[in-house]
Structures are given as C-alpha cells and as structure tokens.
Amino acid sequence: MATLGNPQETIAVLQKYGFNFQKKFGQNFLIDTHVLDKIIAAAEIGPDDFVLEIGPGIGTMTQYLAESAREVVAVEIDKNLIPILEDTLSAYDNVTVINDDILKVDIQKLAEEKNGGKPIKVVANLPYYITTPIIMGLFESEVPLSSITVMVQKEVADRMQTGPGSKDYGALSLAVQYYAEPYIVANVPPNCFMPRPAVGSAVIRLTRYEKKPVEVKDPAFMFKLIRASFNQRRKTLQNGLHNSSELQLPKEKVVQALEEMGLPAAVRGEKLDLAQFARLADLLCE
Ligand code: SAM
C-alpha cells in the first residue's frame with residue numbers, strides 16, 4: 001500500500017533523514033493523493049507496462065506506479081534522496097532507482113533491456129528547469145514511447161496544447177504536436193506541493209502518434225523554419241525567414257512559396273498550423 005502522498009508522511013520522512021530541499025533540482029514534492037490518483041489514471045498504467053519515472057523525489061509517485069505497473073525504473077539526480085528511496089520503496093521488488101541525471105541516461109538502451117524495445121510509458125512530476133529538454137529529448141531521440149504523462153508548469157502545458165491564434169502558440173506547440181497529441185488532464189495549484197512552487201502547475205498527457213500527423217521531406221529543416229518564424233514573432237514571415245542567419249532564404253523564394261500556398265504576403269508565422277509549416281518547408285527546401 002502506498003503510504004506517502006500526504007503532508008504528514010512527507011514531513012515524517014524528510015525529518016527522519018534530515019533532508020534539505022535543493023532549489024537547483026526543482027524539488028517540489030507532491031502531497032496530494034487526489035492529484036496522484038489523477039496522474040496514474042491519466043497515464044493508464046497496466047500490469048504489462050514498463051514505466052520510466054523521472055525524478056522520484058522521496059518515492060511518492062513511485063509507490064503508486066509500482067503498484068500498477070509491471071516494472072518501474074526511476075532516475076533521480078540527487079544522491080541525498082537515494083537512501084530515502086531505498087527505505088520508502090523497500091516493499092516493492094519491481095522498482096529500480098538509478099542515481100543519475102536523466103539527460104545523460106541512455107533511455108533507448110533502457111527500453112531495449114527492460115522492455116524488449118517495445119514502447120515505454122514515461123510518468124513524472126518534472127523538475128521545471130529542464131522540462132523542454134527532457135520532453136523534446138525523448139521525442140527527438142525516437143525512444144520507443146507510447147505516452148508521456150507529466151506535471152509541468154501550467155504555462156508550459158498551455159503552450160504545448162494550443163494552436164494558431166493563441167498568444168501561447170509557438171515553436172514548443174508545434175514541436176510537441178508533431179510527435180504527440182497533447183491533453184491537459186488537470187490544473188494543480190501550488191498548495192499540492194511541498195515546498196509550494198511560485199507558479200501554477202498542470203498535468204499533461206502526450207500520446208505519441210504512431211504515424212506523424214503531417215508528412216514533410218526534411219523535418220529538421222521544418223523545425224529550423226519554425227524556430228526562425230517565432231524568433232521574430234512580430235515580423236512578417238517573409239522578413240523573419242529572410243533575416244534568419246541560420247536559413248539565409250532569399251525573400252523572393254519565400255514570397256513565391258507563400259503565394260503558392262494562397263497565404264497573404266504579410267502573414268505572420270503564428271497564423272500557420274503544423275500542416276502549413278510542413279508544406280512551406282517542402283516548398284522552400286527544394
Ligand atoms: N516525483 C516527486 C514527487 O512528485 O513528489 C518529486 C518531483 S520534483 C518536482 C522533481 C524531482 O526531479 C526531484 O526529486 C529532483 O531532485 C529530480 N531531478 C531534478 N533534476 C533532475 C535530473 N536532471 N535528472 C533526474 N532527476 C532530476
């Protein structure tokens with residue numbers, strides 16, 4: 001039975017080990033069982049699943065995961081948490097804790113060894129200072145993955161889920177939506193954590209597409225276009241792309257491509273959806 005996930009138990013564990021929170025590691029531990037239940041339900045963990053947890057903290061969510069999954073590997077950077085995790089997870093024989101930086105772990109190899117190369121599920125209350133590198137790293141490295149269910153800063157969840165026309169729409173929205181279907185499961189206020197973060201949080205599930213939603217000849221080039229378009233958000237697309245030192249596209253070529261797509265010459269990048277960026281990339285990479 002999971003024993004953590006409430007303020008009393010969390011405080012008791014922290015006191016027992018004289019643990020001090022490290023701000024640099026983004027340590028905000030969950031102390032709300034309802035939120036934990038929601039994360040586990042949204043992740044749809046079954047008895048056949050292999051789950052990778054990023055940043056187990058004192059093992060609160062790890063206990064829940066261990067009870068639902070076949071096997072859990074939890075990667076924690078803070079060595080001071082390792083003896084605590086040995087204690088709080090001692091009742092589970094299907095959990096392995098790795099003391100490392102998640103950005104340095106070979107997840108591909110882990111999925112191969114632990115799950116025979118089949119798609120894994122990632123579940124985490126993420127350290128907010130590295131949310132984007134973790135999520136994009138997982139997608140871009142083509143790790144076999146079926147879903148990522150994570151707690152992130154509310155504003156970041158909004159950016160991942162939104163489409164053209166919203167102020168939150170940008171390179172992150174398009175990057176995430178190229179790989180996965182985003183769904184915000186719940187908004188989570190600061191009082192569900194210890195210590196309380198300064199920002200609101202949200203749980204988002206990213207269900208990886210088996211087949212990409214758009215076809216594009218050179219995805220890396222499309223993402224260069226996307227970055228250049230949003231780097232100069234207030235510029236028109238033709239100026240933004242022309243001015244980008246990374247792309248060095250002649251203005252006439254951009255104008256011609258926009259025309260071919262039936263878009264106004266003064267259109268801004270924030271108006272284009274993923275399919276339009278894909279088409280533009282195909283026209284411009286020729
Ligand atoms: N899962 C716990 C919970 O929900 O209570 C803790 C979540 S806390 C927001 C983030 C955790 O990630 C912390 O335990 C922190 O030490 C760990 N962490 C931070 N950076 C990390 C990294 N680069 N690799 C692995 N773990 C990291």
Side-chain angles (χ1 to χ4, degrees), residues 25-26 39-40 42-57 59 61-62 65-66 68-79 81-82 85 89 92-152 156 160 171-172 174-183 204-224 226-227 274:
F25 289 143
I39 297 174
I40 301 298
E44 295 181 297
I45 309 290
D48 290 334
D49 284 326
F50 170 80
V51 178
L52 169 66
E53 188 193 5
I54 298 161
M61 194 153 71
T62 326
L65 293 170
S68 315
R70 171 176 55 80
E71 190 172 357
V72 181
V73 167
V75 179
E76 174 55 61
I77 198 169
D78 186 351
K79 65 174 181 354
L81 286 167
I82 304 305
L85 288 163
L89 300 174
Y92 303 97
D93 60 5
N94 59 344
V95 181
T96 309
V97 175
I98 298 176
N99 182 202
D100 206 344
D101 176 347
I102 188 64
L103 297 177
K104 296 191 180 139
V105 173
D106 186 345
I107 302 170
Q108 191 94 31
K109 192 164 148 224
L110 201 64
E112 193 54 56
E113 285 172 3
K114 297 281 189 184
N115 208 34
K118 292 198 298 295
I120 65 169
K121 290 183 177 167
V122 175
V123 184
N125 170 13
L126 284 179
Y128 294 170
Y129 73 106
I130 43 168
T131 300
T132 308
I134 290 176
I135 292 180
M136 292 321 298
L138 283 165
F139 284 141
E140 284 164 4
S141 62
E142 300 283 341
V143 168
L145 191 69
S146 56
S147 63
I148 302 178
T149 306
V150 279
M151 180 84 72
V152 296
V156 175
M160 288 184 194
L172 181 65
L174 287 153
V176 164
Q177 291 164 28
Y178 177 66
Y179 293 100
E181 186 185 352
Y183 169 65
I204 189 164
R205 177 181 159 133
L206 307 171
T207 309
R208 190 185 188 121
Y209 293 123
E210 281 180 27
K211 184 174 174 293
K212 301 268 187 312
V214 296
E215 275 186 38
V216 57
K217 284 183 207 144
D218 184 348
F221 178 71
M222 177 179 75
F223 284 114
K224 276 187 199 165
I226 290 173
R227 275 196 301 275
L274 181 61

Spacing of CD1 belonging to I148 relative to CG belonging to L138, to within rounding of 0.5 Å: 4.5 Å
Side-chain touch L206/F139, heavy atoms, less than 4.5 angstrom: yes
Least distance between heavy atoms, A74 atom then T62 atom: CB-CG2, 4.2 Å
E215 atom CD: more than 12 heavy-atom contacts under 6.0 Å: no
Heavy-atom pair with the smallest gap, counting every atom of A66 and N94: O-ND2, 2.9 Å
Side chain to side chain, I107 and I120, heavy atoms closer than 4.5 Å: yes
Heavy-atom closest contact (D101 atom, V75 atom, distance): C-CG1, 4.4 Å
Side-chain donor/acceptor of N115 to backbone N/O of P119, under 3.5 Å: yes
Nearest heavy atoms of D100 and K104, plus distance in Å: OD1-CB, 4.2 Å
Parallel, tilted or perpendicular, as decided by the 30° and 60° cut-offs, for the rings of Y178 and F223: perpendicular
E140 CD to Y179 OH distance, which is reported to the nearest 0.5 Å: 4.5 Å
Check: E44 main-chain N/O paired with K121 side-chain donor or acceptor under 3.5 Å: yes
Spacing of CZ belonging to R208 relative to CD belonging to E181, to within rounding of 0.5 Å: 14.0 Å
Value rounded to 0.5 Å, distance of CD1 in I204 from OG1 in T131: 11.0 Å
Heavy-atom side-chain contact between M222 and L274 under 4.5 Å: yes
Inter-residue atom distance E112.CD - K118.NZ, 0.5 Å rounding: 10.0 Å
Positive for side chain to side chain contact (heavy atoms under 4.5 Å, CB included) with V122, one of I102, L145, I134, T149: L145
Where S147 and T207 come nearest, the two heavy atoms and their spacing: CB-CA, 4.3 Å
Donor-acceptor contact below 3.5 Å, side chain E53 vs main chain V73: no
Atom CD of E210 with >12 non-hydrogen neighbours under 6.0 angstrom: no
Residue pair I39 / N125, side-chain heavy-atom distance below 4.5 Å: no
Verdict with reasoning, L110 to I98, per side chain to side chain contact (heavy atoms under 4.5 Å, CB included): CA-CA 11 Å; L110 201 64; I98 298 176; 4.2 Å; yes
Interatomic distance, I130 atom CD1 to I77 atom CD1 [nearest 0.5 angstrom]: 6.5 Å
Which atom of V123 lies closest to which atom of A43, heavy atoms considered: CG2-CB, 3.9 Å
Test item: D49 side-chain N/O and E71 main-chain N/O as donor-acceptor pair under 3.5 Å: no
